[in-house]
Amino acid sequence: MRPRISGVALNRALSKLGILSRAQATDAIRAGRVRVDGRVVLDPARLVVPERARISVDGEVRTRARWRTILFHKPRGVVTTRRDPEGRRTIYDVLGEDARGLIAVGRLDRATTGALLLTTDTQFANWIMNPANDVSRVYVVTVRGEVTPAMLNDLPATRATLRKASSRESHLVVELREGKNRQVRRLFDAIGHEVTRLKRVTLGGLEIGALEPGEWREVTRAELRAAFPGARVSAPSS
């Protein structure tokens, strides 16, 4: 008697296969971009058996991607999304075929540069993005006007170091422990200082180092485990 293989939700199946994150998969399914056995499926909760179903996204049949993670120096002026409805350049346009099968681990806004991980390991990506795991994110920040040491007390949930300040602009290093959208910009807006330049220089224990904007490098499982103690990194397939 053959063992029974249970089905999983389609959006979860796409995530488990390392094709899209669950949120990206849900959006793609609802947009009519996903077919199962040749038929468009619009319900992200539709049960499928990944080992048996023929799943395609945007007309391309997708199978499990090999494990891969890269550290990318995101340039200014590109958005962290696979496709942009406004036609703006995306990180996938910059990376081209080098990003095939990879999903972004979180986001950096269009004007922010610096360290961004992309991976096929959705388990690891979900671990990083979970605020409960307290992952450090360090930014180099330039703002308009003079920030005083006393003002740093008004920046909640941060560790901020003032490097240089003048009446024209101030330079700081800021550490956050969660990745809320535009959080650094909103923190400084709240104390009356507009962020003019923002670069993420470390994520967990990974540093952007000598990578120039638009450059990337491969990251090994061993590096991830050292940089993110306790992280759920998928084991090699047997």
Side-chain angles (χ1 to χ4, degrees), residues 18 21 65-81 89-131 133-143 158-164 169-185 187-188 195-234 236:
S21 71
R66 69 177 179 86
W67 191 94
R68 185 167 174 247
T69 299
I70 67 171
L71 177 63
F72 175 52
H73 187 158
K74 178 196 168 293
R76 187 182 178 95
V78 298
V79 293
T80 310
T81 186
R89 197 172 185 222
T90 75
I91 59 170
Y92 293 95
D93 294 325
V94 176
L95 288 163
E97 283 299 307
D98 291 326
R100 187 178 182 85
L102 297 174
I103 61 170
V105 182
R107 292 174 181 264
L108 292 176
D109 67 41
R110 188 183 183 192
T112 300
T113 65
L116 181 69
L117 283 173
L118 292 95
T119 186
T120 58
D121 191 338
T122 56
Q123 177 177 253
F124 169 71
N126 290 335
W127 188 92
I128 291 291
M129 291 186 285
N130 186 340
N133 292 319
D134 200 35
V135 175
S136 171
R137 298 155 171 87
V138 178
Y139 300 82
V140 174
V141 189
T142 303
V143 302
T158 67
R159 291 177 59 187
T161 303
L162 184 61
R163 300 172 72 182
K164 185 170 63 173
E169 64 181 21
S170 300
H171 303 266
L172 306 97
V173 176
V174 174
E175 181 185 15
L176 300 178
R177 289 282 174 169
E178 55 184 337
K180 292 181 180 178
N181 184 41
R182 299 179 66 85
Q183 186 175 6
V184 174
R185 297 181 189 279
L187 287 169
F188 283 97
V195 172
T196 57
R197 287 191 294 276
L198 181 60
K199 177 182 179 181
R200 185 159 71 188
V201 292
T202 71
L203 178 61
L206 290 178
E207 298 183 0
I208 197 68
L211 287 176
E212 294 292 332
E215 293 183 343
W216 58 272
R217 70 172 181 84
E218 301 281 350
V219 181
T220 66
R221 286 184 173 89
E223 277 189 277
L224 290 185
R225 292 189 179 105
F228 304 95
R232 296 179 178 177
V233 180
S234 294

**Request:** Start with the C-alpha gap between Leu176 and Leu187, add the side-chain angles, then the distance that decides, and say whether side-chain contact (heavy atoms from CB on, under 4.5 Å) holds.
**Result:** CA-CA 11 Å; Leu176 300 178; Leu187 287 169; 4.1 Å; yes
**Message:** Apply side-chain contact (heavy atoms from CB on, under 4.5 Å) to residues Leu203 and Val105 and explain how you reach the verdict.
**Reply:** CA-CA 11 Å; Leu203 178 61; Val105 182; 5.5 Å; no
**Check against side-chain contact (heavy atoms from CB on, under 4.5 Å), Val94 and Arg89** = CA-CA 8 Å; Val94 176; Arg89 197 172 185 222; 3.8 Å; yes
**Request:** Could you walk me through whether Glu175 and Arg177 pass the salt bridge (charged side-chain N to carboxylate O under 4.0 Å, His left out) test, one step at a time?
**Result:** CA-CA 7 Å; Glu175 181 185 15; Arg177 289 282 174 169; 3.1 Å; yes
**Request:** Report the C-alpha separation of Ile208 and Arg200 in whole Å, then their side-chain angles, then the decisive distance to 0.1 Å, and conclude whether the side-chain contact (heavy atoms from CB on, under 4.5 Å) test is met.
**Result:** CA-CA 8 Å; Ile208 197 68; Arg200 185 159 71 188; over 6 Å; no
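By the 4.5 Å heavy-atom criterion applied to side chains, Lys199 and Arg76 are not counted as neighbours. The side-chain heavy atoms of Val184 and Thr112, taken from C-beta on, include no pair separated by under 4.5 Å. Considering only heavy atoms from C-beta on, Ile103 comes within 4.5 Å of Thr119 through its side chain. Between Val219 and Leu224 there is a side-chain heavy-atom pair separated by less than 4.5 Å. Using a 4.5 Å heavy-atom threshold, the side chains of Val135 and Trp127 count as touching. In this structure the side chain of Leu116 never reaches within 4.5 angstrom of the side chain of Trp216, judged on heavy atoms. Contact of the Asn133 side chain with the Phe228 side chain is not registered, since no non-hydrogen atoms from C-beta on lie closer than 4.5 Å.
Shown are Val174, Leu198, Val201; of these, the side chain to side chain contact (heavy atoms under 4.5 Å, CB included) with Val140 is made only by Val201.
Asp121 places a side-chain N or O within 3.5 Å of a backbone atom of Ser234 that can act as its donor or acceptor partner. Panel note: side chain Thr80, backbone Thr90; no donor-acceptor pair is recorded below 3.5 Å. In this structure a side-chain-to-backbone donor-acceptor pair under 3.5 Å is present from Thr120 to Arg68. Looking only at distances, no side-chain donor or acceptor of Lys74 sits under 3.5 Å from a matching main-chain atom of Arg107. Looking at Ser170, its side chain never comes within 3.5 Å of a backbone N or O of Val143 through a donor-acceptor pair. Not a single donor-acceptor pair under 3.5 Å links the side chain of Arg232 to the backbone N or O of Phe124.
Note: Glu215 CD to His73 NE2 = 9.0 Å, rounded to the nearest 0.5 Å. To the nearest 0.5 Å, the span separating CG on Leu117 from CG on Leu71 amounts to 5.5 Å.
Heavy atoms of other residues, nucleotides or ligands lying less than 6.0 angstrom from CD of Glu207 number 12 at most. More than 12 heavy-atom neighbours from other residues, nucleotides or ligands sit within 6.0 angstrom of CZ on Arg225. Within a 6.0 Å sphere centred on CZ of Arg185, other residues, nucleotides and ligands contribute more than 12 heavy atoms. At most 12 non-hydrogen atoms from other residues, nucleotides or ligands lie less than 6.0 angstrom from CZ of Arg163.
In plain terms, the two heavy atoms of Arg137 and Ile128 that are nearest each other are NH2-O, 3.4 Å. When every heavy atom of Ala115 is checked against every heavy atom of Leu108, the shortest pair comes out as O-CD1, 3.7 Å. In terms of heavy atoms, Thr81 sits closest to Tyr92 at O-CD1, 3.2 Å. Across all their heavy atoms, Ala227 and Leu206 have their closest contact at CB-CG, 3.8 Å. Counting all heavy atoms, side chain and backbone alike, Gly214 lies closest to Pro75 at N-CG, 3.7 Å.
For the side chain to side chain contact (heavy atoms under 4.5 Å, CB included) test, residues two or more places apart in sequence or in another chain that qualify with Thr196 are Thr142, Arg144.
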